[in-house]
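Below, chain A is the first sequence line, B the second, and so on; all start at residue 1.
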Amino acid sequence: MTTENERSDFIRDMIKEDLATGRFDRVQTRFPPEPNGYLHIGHVKAMAMDFGVAEQFGGICSLRFDDTNPAKEEEEYVEAIMEDIRWLGFDWEDRLYFASDYFEQLYEFALQMIKAGKAYVDDLSAEEIREYRGTLTEPGKDSPWRERSVEENLDLFKRMRAGEFQNGEKTLRAKIDMSHPHINMRDPVMYRILHEEHHRTGDQWVIYPMYDWAHGQSDSLEGVTHSLCSIEYKNHRPLYDWFLDQLGIFHPQQIEFARFNMTYTVMSKRRLVQIVKDGYVRGWDDPRMITLAGMRRAGIPPEAIRAFIEHVGVGLSLSTIQHSKFDHFVRDDLNQRANRVNGVLRPLKVVLTNYPEGQEEMMEFPNHPDYPERGTRKVPFTRELYIEQDDFREDPPNKFWRLAPGREVRLRYGYLVTCTNVVKDEKGEIVEVHCTVDPETRGGNAPDGRRVKGTLHWVSAEQALDAEVRLYDRLFIHPFPMEAEGHFTDYINPKSLEVIENAKVEPSLGDAKVGDRFQFERVGYFCVDPDSTEEKLVFNRTIALRDSWAKIEKQQGG
RNA sequence: UGGGGAGUGGUGCAAUGGUAGCACAGAGGCCUUUGGAGCCUUUGAUCUUGGUUCGAGUCCAGGCUCCCCAGCCA
């Protein structure tokens, strides 16, 4: 096991170096989400780095909302994001910050830049700025407003703040170099005019700082030592450094690392929005979504998500993690965490013809076979039971060792039963099967030591509870929906949700609460959905158990 | 034909210049009152061409491929 203190990657190595050389004598990081949407699994990597690195080096990590664009940001997202971070188990303690807290200071810094002749007010329109910027291979050219005097710039910038101009009429730009080979250094915009209500500052401001102007200075003001971010900001580090150097203030080190993709899903906020808006799922917290809210509702434990993230690796190359890897960590966690219960998804009635009517025996089930300390519970065994339709075949194929005419199987922790008869309706559909029970085999063991290969789960027909079960599957049928021909929504899995209205679950589940997780033996992991009512439980399938019979059947061409 | 970054089994991550290893996936087997879990075995990789070296995934030079950047988004 790699403990948190042993973890190593190129970022941690750089930090160790910084500590060793005395460049920094402490470690401080920050997680800086923009409150314009929900957190998804991609953000977990950033959180694991920010919070994990701080913890490893005995430092601190804060939560800072990067709320510099009032047109996109909402308080609703602030609340949702904080809930998701807490759920994952990360703690910013009392260090909750907002970039908007620094608007006044940032304005003062801007004044300082103007006075130093390092920033100017530009009258060019958005379109003109683009034209003047040049292209990736051709240099840009100076704005005609680039050489305004400090006094004029000061005056204009103050009037920008005072609201004398309309959106887009003017910007404040850094005065760097319009022919710089690095396009981000060609006089980037520092402030734009936005007559918008801000979720925190209301109508106090009509000029808002751009990311590049806000982020580094925010880091500096907070005393962040290591500003970890994803790789697309690598192109912004020269600017990050430049602003800090011009201002001469505390200079944190920005370090970038690669994001990752996952097969059978899409990771960008924009696509996730579309999936929700176009109604492919029921909302941001739909269990098929890779949002934290969605995964929470699906029943995926936060620990599983963190364990998974620790195994995606930290580097600078774009990676595509196979969905099966994620599945592995979900199953691995749930296998230990989830207690076992009996749930029959597609009930088939079994009548035990030699079992007395009205008789009821309470059979003892371990809550978890690997953890006896979790105790046992009593499950009623009666003459009429339900088993899974899949567990009976009138004409069993090769290697099918479940119930069939003349076959004996074990009803787990119940009895050994032998199928004697199949009852069909007028259409030829099997409506029930008759079996005889061997009374000597109570608990599922034969005194004569005979071996029974098949073991089935079951519930009492009279005492089982009705439940709705929502069987979720991966949202996409293509491993790379973004790269496949056509539109990514063409590859949405039409069978990503199957609702079973009349599943039967054991009576002990009457006590289950929203969010409780169980393994339905031999079926999969399930979680109680918030849609559950007093009358009817609703379960979400988190993930199915590995099904090696399905594999055999497929190999057999069945 | 600008700037920046990356190339190791199917996927992801390792490897002071010294036996290319781990995880997931795949295949085979053992075990089993979950066809679950667990255990064992196994297939399979250094982008390319040169160079330095006793020895190169690692160092050097050239080439190729992929990713990011031309928002008044973050």
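Of the C1' atoms belonging to B:rA23 and B:rA14, the separation is 11 Å, rounded to the nearest Å. B:rG36 sits 14 Å from B:rC30 when the P atoms are compared, rounded to a whole Å. B:rG63 and B:rG26 are spaced 42 Å apart, taking the P atom of each and rounding to whole Å. Taking the C1' atoms as reference points, B:rC40 lies 35 Å from B:rG7, given to the whole Å. Taking atom C1' on both B:rC72 and B:rU65, the two are 36 Å apart, rounded to the nearest angstrom. Comparing the C1' positions of B:rC24 and B:rC66 gives an interatomic distance of 24 Å, to the nearest angstrom. When the C1' atom is used for both B:rG9 and B:rG57, the distance is 14 Å, rounded to whole Å.
Residue contacts shown for A:N445 include a base, since a base heavy atom lies under 4.0 Å away. Note on A:L124: a base of the nucleic acid sits closer than 4.0 angstrom, heavy atoms only. Residue contacts for A:V452: at a heavy-atom cut-off of 4.0 Å it reaches no nucleic acid atom on any strand shown. Residue contacts shown for A:R133 are limited to sugar-phosphate atoms, with no base heavy atom under 4.0 Å away. At a threshold of 4.0 angstrom between heavy atoms, the contacts of A:K170 with the nucleic acid are absent. Note on A:I321: only backbone sugar-phosphate atoms sit closer than 4.0 angstrom, heavy atoms only; bases stay farther off. Contact annotation for A:H457: no contact, since no heavy-atom pair falls under 4.0 Å across all strands. Residue contacts for A:L411: at a heavy-atom cut-off of 4.0 Å it reaches no nucleic acid atom on any strand shown. Within the 4.0 angstrom heavy-atom criterion, base atoms lie near A:T171. Nucleic acid contact for A:Y415: none, since no nucleic acid atom lies under 4.0 Å from a heavy atom of the residue. Within the 4.0 angstrom heavy-atom criterion, only backbone atoms of the sugar-phosphate kind lie near A:R546; the bases stay farther away.
Looking only at atom types and distance, the side chain of A:D187 has no donor-acceptor partner in the side chain of A:Y132 under 3.5 Å away. A donor-acceptor pair shorter than 3.5 Å cannot be found between the side chains of A:Q56 and A:R7. In summary, the side chains of A:H457 and A:N342 do not present any donor paired with an acceptor at a separation below 3.5 Å, with no hydrogens or angles considered. Side-chain atoms of A:E76 and A:Y38 include a donor-acceptor pair closer than 3.5 Å. Counted by atom type alone, A:E127 and A:S125 present zero donor-acceptor pairs between their side chains at under 3.5 Å. With 3.5 Å as the limit, one finds no donor-acceptor pair spanning the side chains of A:T455 and A:R412. In this structure, a donor-acceptor pair under 3.5 Å is present between the side chains of A:E361 and A:Y415.
The minimum heavy-atom distance between A:A99 and A:D67, with the atom names listed, is N-OD1, 3.2 Å.
Side chain A:K325 to base B:rA23: a donor-acceptor pair is found below 3.5 Å.
Ranking B:rG36, B:rC13, B:rA74 by closeness to the A:R192 side chain, first place goes to B:rA74. Of all nucleotides listed (B:rC68, B:rU34, B:rG71), B:rG71 comes nearest to the side chain of A:R130. Side chain of A:T320, nearest nucleotide from B:rG12, B:rG35, B:rU34: B:rG12. Checking B:rA74, B:rU34, B:rU32 against every side-chain atom of A:R451, the shortest atom distance belongs to B:rU32. The side chain of A:T68 lies closest to B:rA74, out of B:rU34, B:rC24, B:rA74. For A:Q519, counting side-chain heavy atoms from C-beta on, the closest listed nucleotide (B:rA74, B:rG36, B:rA25) is B:rG36.
Applying salt bridge (Lys or Arg N to Asp or Glu O under 4.0 Å) to A:D122 and the options A:K175, A:R173, A:R192 leaves one that passes, A:R173.
Secondary-structure stems of RNA chain B, taken as three or more successive Watson-Crick or G-U wobble pairs (i with j, i+1 with j-1) under a 3.5 Å distance threshold, comprise B:2-7 with B:64-69, B:10-13 with B:21-24, B:26-30 with B:38-42, B:47-51 with B:59-63.
When each of A:A550 and A:H328 is assigned the nucleotide of RNA chain B with its nearest heavy atom, A:H328 is the one assigned upstream, toward the 5' end. Across the interface with RNA chain B, nearest-nucleotide mapping of A:T135 and A:N69 shows A:T135 to be the residue nearer the 5′ end.
Remark: A:K399 NZ is loosely packed, at most 12 non-hydrogen atoms of other residues, nucleotides or ligands lying under 6.0 Å away. Annotation: A:W242, atom CH2; neighbour count of heavy atoms from other residues, nucleotides and ligands within 6.0 Å is above 12.
Cation-pi geometry between A:R30 and A:Y97 is not met: the NZ or CZ atom fails to fall both under 6.0 Å from the ring centre and inside 45° of the normal.
For the contact set between residues 206-215 of chain A and RNA chain B, defined by any heavy atom under 4.0 Å, the members are A:P209, A:M210, A:Y211. Residues from residues 365-376 of chain A placing a heavy atom under 4.0 Å of any atom in RNA chain B, listed by number, are A:P369, A:D370. Sorted by residue number, the members of residues 32-45 of chain A with any non-hydrogen atom under 4.0 Å from RNA chain B read A:E34.
B:rG12 has no stacking from A:F260 on its base ring, since the centres under 5.5 angstrom apart and planes within 30 degrees of parallel are not both found.
With sequence neighbours excluded, the residues forming a salt bridge (charged side-chain N to carboxylate O under 4.0 Å, His left out) with A:E408 are A:R450, listed by chain and number.
Looking at heavy atoms from C-beta onward, A:L456 lies in side-chain contact with A:R522 at the 4.5 angstrom threshold. For the pair A:M210 and A:T171, the minimum side-chain heavy-atom distance is 4.5 Å or more.
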Worksheet item: Going through the checks in order, is the side chain to side chain contact (heavy atoms under 4.5 Å, CB included) test met by A:D327 and A:I543?
Response: CA-CA 8 Å; A:D327 293 345; A:I543 191 166; 3.5 Å; yes

Discussion item. Using side chain to side chain contact (heavy atoms under 4.5 Å, CB included), reason through A:F480 and A:T320 one step at a time and then give a plain yes or no.
Written reply: CA-CA 9 Å; A:F480 311 103; A:T320 301; 3.9 Å; yes

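For B:rG9, the O4'-C1' to base torsion is more than 90° from 0; the nucleotide is therefore anti.
Considering only side-chain N and O atoms, A:R331 lies nowhere under 4.0 angstrom from the phosphate OP1 or OP2 of B:rA37.
Under 4.0 Å is where a charged nitrogen must lie from a carboxylate oxygen, and between A:R393 and A:E553 at least one such pair does.
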Worksheet item: How would nucleotides 1-8 of chain B be written as a contact map, 5' to 3', with B for base contact, S for sugar-phosphate-only contact and - for no contact, using protein heavy atoms under 4.0 Å?
Response: -BBSSS--

